K.L.:
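After the structure tokens below, expect a handful of questions from me.
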2 protein chains.
Amino acid sequence: MVCSLEDHREYLHQHGIKSTRPRNLVWEILLTHDGILSAEEIYQTVVQQGETVNFSTIYRVLELFVEKGLVEKSFFPGTQKNVFSVCHVGHTHHLICLRCHKTVDISPCPLSDLEKQIAAKTDFQIVGHHLEIYGYCPECRKIMK
Amino acid sequence: MVCSLEDHREYLHQHGIKSTRPRNLVWEILLTHDGILSAEEIYQTVVQQGETVNFSTIYRVLELFVEKGLVEKSFFPGTQKNVFSVCHVGHTHHLICLRCHKTVDISPCPLSDLEKQIAAKTDFQIVGHHLEIYGYCPECRKIMK
DNA sequence: AGTGCAAATGCAAGTTATTCGCATTTAGAG
DNA sequence: CTCTAAATGCGAATAACTTGCATTTGCACT
């Protein structure tokens, strides 16, 4: 599915998000990059495109996307950094390469049954979970050998 | 299983960890507290016991325990904080109450089969994963009603 | 029991990632 | 086109953690 810039604006509007230059830029970067990105990486990509968006705006835009359910925020293992990725329909998880940061979606989410079992057993009201699996992708494995 | 202070020292020694006042304190706090603790909470507990341990020492001790495989470091959802908990034999995960931070172990780890499947499918070398499930415990659910 | 030294700690300053306050600018409804 | 609430840029602030270095301490070896 190839979408034009206009389509993206439309998509953001549909989610109650006013279209602005920073928002469009961040959204397109997230869409075109298959994988997870840190705020820093998004900022750098913006700069490489010859644009400027303030760092705090990047954070505010990302926070907005997360709030609206368009983007998922998680942690990159072994760092203090948050990383962001576009939410896919039907809740997936990431298999993350520790070397090149490439990600593969794990879907469907393997935890819905487990959550039900756990809720029944513990009487907790379960509201969410974080799952990330990490390792090294085939390419990086070769390089590291 | 009730263990004396001496037993704890012995246990640390067995893992190649020299026994010092800060290390014993942190270890005992982690053991006696059933749940996850942030560095800050550990620091506060030390203070409440009438002792003092420098904050950087707390971090260094925790990092050491993690390195030696005694303690697991994870993130508390919705914050920027790392939290720490004693590793149990046979790798478990936590069900965390977002309100009172009480945790329940989920064991055995439900992911080992999944990891094998994913490794076979993607040719990744999988080195680890993070899984946390969060929600509200029965007590907090009552209080919040 | 005393001694030496590598390792651990305390302290203060530094870093990193993220957030906030406020003045200015802008998207988009009317 | 105009007005206004919302978004942005900027700089400063904060939170959580890390580091460098001088001092202290555990403990192996007399």
Side-chain angles (χ1 to χ4, degrees), chain A residues 5-6 8-27 29 36-47 50-68 70-84 101, chain B residues 5-6 8-27 29 36-47 50-68 70-84 101:
Chain A
L5 207 149
E6 275 312 314
H8 297 157
R9 291 211 174 128
E10 188 46 40
Y11 185 75
L12 292 182
H13 272 133
Q14 281 167 15
H15 287 263
I17 295 170
K18 188 150 90 176
S19 162
T20 66
R21 194 181 55 92
R23 290 174 182 183
N24 297 332
L25 281 167
V26 171
W27 182 242
I29 288 166
I36 55 176
L37 288 166
S38 62
E40 170 72 30
E41 288 167 324
I42 292 169
Y43 179 82
Q44 291 305 338
T45 310
V46 167
V47 170
E51 302 265 356
T52 25
V53 173
N54 196 274
F55 235 115
S56 38
T57 304
I58 304 259
Y59 277 111
R60 281 189 282 230
V61 168
L62 287 169
E63 214 48 60
L64 176 73
F65 289 168
V66 169
E67 219 171 84
K68 298 289 183 184
L70 302 184
V71 163
E72 194 196 0
K73 178 177 178 176
S74 39
F75 273 100
F76 193 76
T79 71
Q80 293 305 118
K81 279 187 196 176
N82 286 121
V83 284
F84 301 87
H101 300 192
Chain B
L5 208 151
E6 275 311 315
H8 297 157
R9 293 210 175 130
E10 188 47 41
Y11 185 74
L12 293 182
H13 271 133
Q14 281 167 15
H15 286 263
I17 295 170
K18 187 148 89 176
S19 162
T20 66
R21 193 181 56 92
R23 290 174 181 182
N24 296 331
L25 281 167
V26 171
W27 181 243
I29 288 167
I36 54 175
L37 289 167
S38 62
E40 170 73 28
E41 289 168 323
I42 292 169
Y43 179 81
Q44 291 305 338
T45 310
V46 167
V47 170
E51 301 266 356
T52 24
V53 174
N54 195 273
F55 235 114
S56 41
T57 304
I58 304 260
Y59 279 112
R60 280 189 280 230
V61 168
L62 287 169
E63 213 50 58
L64 176 75
F65 288 168
V66 169
E67 220 171 83
K68 298 288 183 185
L70 302 185
V71 162
E72 193 195 1
K73 178 178 178 175
S74 40
F75 273 102
F76 194 77
T79 71
Q80 295 304 119
K81 278 188 198 175
N82 286 308
V83 285
F84 301 86
H101 300 193

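Values below: all heavy atoms of this structure, side chains included; hydrogens, waters and symmetry mates excluded. The shown structure was predicted, so the numbers you read here are calculated from the model rather than taken from an experiment. A note on names: the letters A, B, ... follow the listed sequences, proteins ahead of strands, and every chain is numbered from 1.
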K.L.:
Which class fits the ring pair A:Trp27 and A:Phe65: parallel under 30°, tilted 30 to 60°, perpendicular over 60°?
P.N.:
perpendicular
K.L.:
Starting at atom CZ of B:Arg23, determine the distance to atom C1' of C:dG10, rounded to an integer number of angstrom.
P.N.:
14 Å
K.L.:
Note the angle between the end axes of the helix from C:dA1-D:dT30 to C:dG30-D:dC1, five pairs defining each, rounded to 10 degrees.
P.N.:
40°
K.L.:
Heavy-atom distance under 4.5 Å between the side chains of A:Tyr11 and A:Leu70, does that happen here?
P.N.:
yes
K.L.:
Could you tell me the separation between the CD1 atom of A:Ile17 and the P atom of C:dA27, rounded to a whole number of Å?
P.N.:
16 Å
K.L.:
Using atom CD1 of B:Ile58 as one end and atom P of D:dT18 as the other, report the distance to the nearest whole Å.
P.N.:
13 Å
K.L.:
Measuring only between side-chain heavy atoms, which start at C-beta, is A:Ile58 closer than 4.5 Å to A:Glu40?
P.N.:
no
K.L.:
Rounded to whole Å, please give me the gap between NZ in B:Lys18 and C1' in C:dA6.
P.N.:
6 Å
K.L.:
Looking only at atom types and distance, does a side-chain atom of A:Arg23 sit under 3.5 Å from a main-chain N or O of A:Arg9, one as donor and one as acceptor?
P.N.:
no
K.L.:
Starting at CG of B:Leu64 and ending at P of D:dG26, how long is that distance when rounded to a whole Å?
P.N.:
16 Å
K.L.:
Please produce a list of atom pairs where a protein N or O lies less than 3.5 Å from an N or O of nucleotides 16-20 of chain C.
P.N.:
| unit_1 | atom_1 | unit_2 | atom_2 | d |
| --- | --- | --- | --- | --- |
| C:dT18 | OP1 | A:Asn82 | N | 2.8 |
| C:dT18 | OP1 | A:Asn82 | OD1 | 2.8 |
| C:dT18 | OP2 | A:Tyr59 | OH | 2.3 |
| C:dT18 | O5' | A:Tyr59 | OH | 3.2 |

K.L.:
Any side-chain N or O of B:His13 under 4.0 Å from OP1/OP2 of D:dG26?
P.N.:
no
K.L.:
Is the distance from OP1 or OP2 of C:dA27 to the nearest side-chain N or O of A:Thr20 less than 4.0 Å?
P.N.:
no
K.L.:
So B:Leu25 and B:Arg21, do their side chains get closer than 4.5 Å, heavy atoms only?
P.N.:
yes
K.L.:
Atom CG of B:Leu25 to atom C1' of C:dT9: distance rounded to whole Å?
P.N.:
13 Å
K.L.:
Separation of B:Arg21 atom CZ from D:dT24 atom C1', in whole Å?
P.N.:
12 Å
K.L.:
May I ask you to test the A:Val83-A:His101 pair for a side-chain heavy-atom distance under 4.5 Å?
P.N.:
no
K.L.:
Do A:Tyr59 and A:Glu63 come within less than 4.5 Å of each other through their side chains, counting heavy atoms only?
P.N.:
no
K.L.:
Could you tell me whether the side chain of B:Val61 reaches within less than 4.5 Å of the side chain of B:Ile42, counting heavy atoms only?
P.N.:
no
K.L.:
Using atom CG of A:Asn24 as one end and atom C1' of C:dT26 as the other, report the distance to the nearest whole Å.
P.N.:
13 Å
K.L.:
Taking 4.0 Å as the cut-off, does a side-chain nitrogen or oxygen of A:Arg9 come that near to OP1 or OP2 on C:dG28?
P.N.:
no
K.L.:
Would you call B:Asn82 and A:Gln80 a side-chain contact if the rule is heavy atoms closer than 4.5 Å?
P.N.:
yes
